[in-house]
2 protein chains.
Amino acid sequence: MTAIKESSTIQENKQYALEKCPVTFVMEKIGGYWKPIILYHLSTGDKRYSELKRAIPAVTEKMLIQHLKQLEADGLVIREAKPVVPPFVTYKLSSAGTGLLPVIDAMASWAFKMKDGVYNM
Amino acid sequence: MTAIKESSTIQENKQYALEKCPVTFVMEKIGGYWKPIILYHLSTGDKRYSELKRAIPAVTEKMLIQHLKQLEADGLVIREAKPVVPPFVTYKLSSAGTGLLPVIDAMASWAFKMKDGVYNM
DNA sequence: ACAAGTACTTACCCTAAAGTATGTATTATG
DNA sequence: CATAATACATACTTTAGGGTAAGTACTTGT
């Protein structure tokens with residue numbers, strides 16, 4: 001992960017937005033490019049790291065693990081590792097992560113309406 | 001023979017994600033840093049450009065106008081300009097933009113639950 | 001001996017998004 | 001005449017995020 005510069009305006013703005021805007025708070029958590037996709041794949045049940053990798057072929061390993069770590073740090077997913085070799089690691093949604101599913105659903109619903117031209121008038 | 005530069009992976013991935021993932025489709029529309037905030041402010045009624053500027057003091061004019069233009073191009077907001085001087089321009093949500101409000105609400109609801117510790121168990 | 005599978009890690013690079021600073025057109029008003 | 005107000009536009013710089021490529025540790029199978 002790259003170090004963040006605390007003094008930058010963008011960081012100050014993030015502080016402002018985080019305190020003032022709950023939507024931005026959510027964006028901070030699921031705004032990463034692959035995070036919604038990962039969340040979606042975990043919504044159908046626990047997945048091993050390699051299962052996620054295969055389920056999302058376009059994501060690079062660096063991005064996958066990076067986002068998984070962030071999601072874990074944010075308390076949205078839970079990592080469980082069995083002390084065996086080869087490693088056996090599964091990821092699943094926490095209760096907070098599960099609580100996000102209505103958001104994901106609302107998004108998907110809007111996207112489908114857009115594609116169906118429901119809002120073209 | 002010189003090698004021809006192929007299209008970047010990032011663009012291919014975007015194509016993949018847009019087709020496969022409705023959530024990413026939504027992120028494309030409202031993922032810009034200030035867009036959710038702008039949308040939120042428009043949800044309470046039409047606003048003049050200068051009203052938005054005052055309502056969101058931390059945003060720069062470049063970012064504000066840029067995001068407004070994108071939201072307009074995406075059909076989420078409608079711009080109305082009166083041919084007077086000084087200019088009088090108002091922005092309001094389109095039907096598609098209004099259709100996004102449940103998403104915003106779901107996000108806000110989750111954010112407040114998070115802050116209230118509802119998911120800490 | 002060595003390749004294969006699993007779950008990462010790390011160093012480096014490139015680009016898109018965001019920020020800074022300044023300029024534009026028009027008219028009313030002091 | 002100069003300033004204020006409004007709604008932008010634009011050249012330039014910085015930063016955060018994402019991508020590439022390669023390596024690590026450990027054990028089982030051939």
Side-chain angles (χ1 to χ4, degrees), chain A residues 1-17 24 27-38 46-73 77 79-91, chain B residues 5-17 24 27-38 46-73 77 79-91:
Chain A
M1 273 211 275
T2 40
I4 48 164
K5 195 180 170 183
E6 288 298 331
S7 59
S8 67
T9 313
I10 198 169
Q11 290 305 322
E12 286 167 24
N13 283 349
K14 277 193 178 177
Q15 267 317 107
Y16 163 85
T24 302
M27 287 301 194
E28 285 284 314
K29 307 292 184 186
I30 65 170
Y33 199 80
W34 300 98
K35 283 183 187 174
I37 303 174
I38 293 170
D46 305 15
K47 291 275 180 335
R48 290 187 66 176
Y49 173 82
S50 52
E51 285 181 292
L52 284 171
K53 214 175 69 178
R54 274 189 296 272
I56 317 170
V59 76
T60 65
E61 287 203 71
K62 181 200 162 192
M63 281 296 103
L64 180 56
I65 195 70
Q66 186 174 297
H67 282 141
L68 281 170
K69 295 290 175 196
Q70 286 174 15
L71 289 169
E72 191 194 358
V77 309
R79 194 189 96 112
E80 275 170 303
K82 287 180 186 164
V84 296
V85 77
F88 192 97
V89 178
T90 53
Y91 290 90
Chain B
K5 191 191 169 195
E6 294 167 32
S7 55
S8 67
T9 314
I10 197 170
Q11 290 307 320
E12 287 167 25
N13 284 349
K14 276 195 179 175
Q15 267 318 106
Y16 162 85
T24 303
M27 288 299 193
E28 287 282 315
K29 308 290 183 185
I30 64 168
Y33 198 80
W34 300 96
K35 283 183 188 174
I37 303 174
I38 294 170
D46 305 15
K47 291 275 179 337
R48 288 186 68 175
Y49 174 82
S50 52
E51 285 183 294
L52 285 171
K53 216 175 70 177
R54 274 190 295 271
I56 316 170
V59 75
T60 65
E61 287 204 69
K62 183 202 162 192
M63 281 296 103
L64 180 55
I65 194 68
Q66 185 175 298
H67 282 140
L68 281 171
K69 295 290 175 195
Q70 285 172 18
L71 290 169
E72 192 194 359
V77 309
R79 194 190 96 112
E80 275 171 302
K82 287 180 188 165
V84 296
V85 74
F88 192 97
V89 178
T90 52
Y91 290 91

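All chains are named by letter (A, B, ...) in the order of the sequence lines, taking the proteins before the strands, and each is independently numbered beginning at 1.
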Undergrad: Looking at dA18(C), I'd like to know if its phosphate oxygens (OP1 or OP2) sit under 4.0 Å from a side-chain N or O belonging to His67(B).
TA: yes
Undergrad: Could you tell me the separation between the CD atom of Glu80(A) and the C1' atom of dA7(C), rounded to a whole number of Å?
TA: 16 Å
Undergrad: Do Glu51(B) side-chain atoms and Arg48(B) backbone N/O form a donor-acceptor pair below 3.5 Å?
TA: yes
Undergrad: Of all the heavy-atom pairs spanning Val59(B) and Met63(B), show the shortest one and how long it is.
TA: CG2-CB, 3.7 Å
Undergrad: Of all the heavy-atom pairs spanning Met27(B) and Gly31(A), show the shortest one and how long it is.
TA: CE-CA, 4.3 Å
Undergrad: Which protein N or O atoms sit under 3.5 Å from an N or O of nucleotides 3-13 of chain D?
TA:
residue: dT6(D); atom: O3'; partner: Arg48(B); partner atom: NH2; Å: 3.1
residue: dT6(D); atom: O3'; partner: Pro87(B); partner atom: O; Å: 2.9
residue: dA7(D); atom: OP1; partner: Arg48(B); partner atom: NE; Å: 3.1
residue: dA7(D); atom: OP1; partner: Arg48(B); partner atom: NH2; Å: 2.9
residue: dA7(D); atom: OP1; partner: Pro87(B); partner atom: O; Å: 3.4
residue: dA7(D); atom: OP1; partner: Val89(B); partner atom: N; Å: 3.2
residue: dA7(D); atom: OP2; partner: Ser50(B); partner atom: N; Å: 3.1
residue: dA7(D); atom: OP2; partner: Ser50(B); partner atom: OG; Å: 2.9
residue: dC8(D); atom: OP1; partner: Arg79(B); partner atom: NH1; Å: 2.3
residue: dC8(D); atom: OP2; partner: Arg79(B); partner atom: NH1; Å: 3.4
residue: dC8(D); atom: OP2; partner: Tyr91(B); partner atom: OH; Å: 2.8
residue: dC8(D); atom: N4; partner: Glu61(B); partner atom: OE1; Å: 3.4
residue: dC8(D); atom: N4; partner: Glu61(B); partner atom: OE2; Å: 3.4

Undergrad: Expressed in angstrom and rounded to an integer, what is the separation of Met63(A) atom CE from dA7(C) atom P?
TA: 19 Å
Undergrad: Testing the basics here: between Tyr49(B) and Glu61(B), what is the closest heavy-atom pair and its distance to 0.1 Å?
TA: OH-OE1, 2.9 Å
Undergrad: In whole angstrom, what separates Lys82(B)'s NZ from dT27(C)'s C1'?
TA: 17 Å
Undergrad: Under the side-chain hydrogen bond (donor to acceptor under 3.5 Å, both in side chains) test, which residues partner Tyr91(A), sequence neighbours left out?
TA: none
Undergrad: Looking only at non-hydrogen atoms, find the nearest pair between Leu68(A) and Val77(A) and report the distance.
TA: O-CG2, 3.9 Å
Undergrad: Over the length of the helix from dA1(C)-dT30(D) to dG30(C)-dC1(D), how much do the five-pair end axes diverge, rounded to 10 degrees?
TA: 30°
Undergrad: Decide yes or no on side-chain hydrogen bond (donor to acceptor under 3.5 Å, both in side chains) for Gln70(B) and Lys29(B), but give the supporting numbers first.
TA: CA-CA 8 Å; Gln70(B) 285 172 18; Lys29(B) 308 290 183 185; over 6 Å; no
Undergrad: Which atom names give the shortest non-hydrogen contact between Arg79(A) and Ala81(A), and what distance separates them?
TA: NH2-CB, 3.5 Å
Undergrad: Mind calculating the distance between CD (Gln70(B)) and P (dA18(C)) to the nearest angstrom?
TA: 8 Å
Undergrad: Quick one: Leu64(A) CG to dG18(D) P, roughly how many Å, whole number?
TA: 13 Å
Undergrad: Which whole-number value in Å describes the distance from Tyr33(B) OH to dG17(D) C1'?
TA: 14 Å
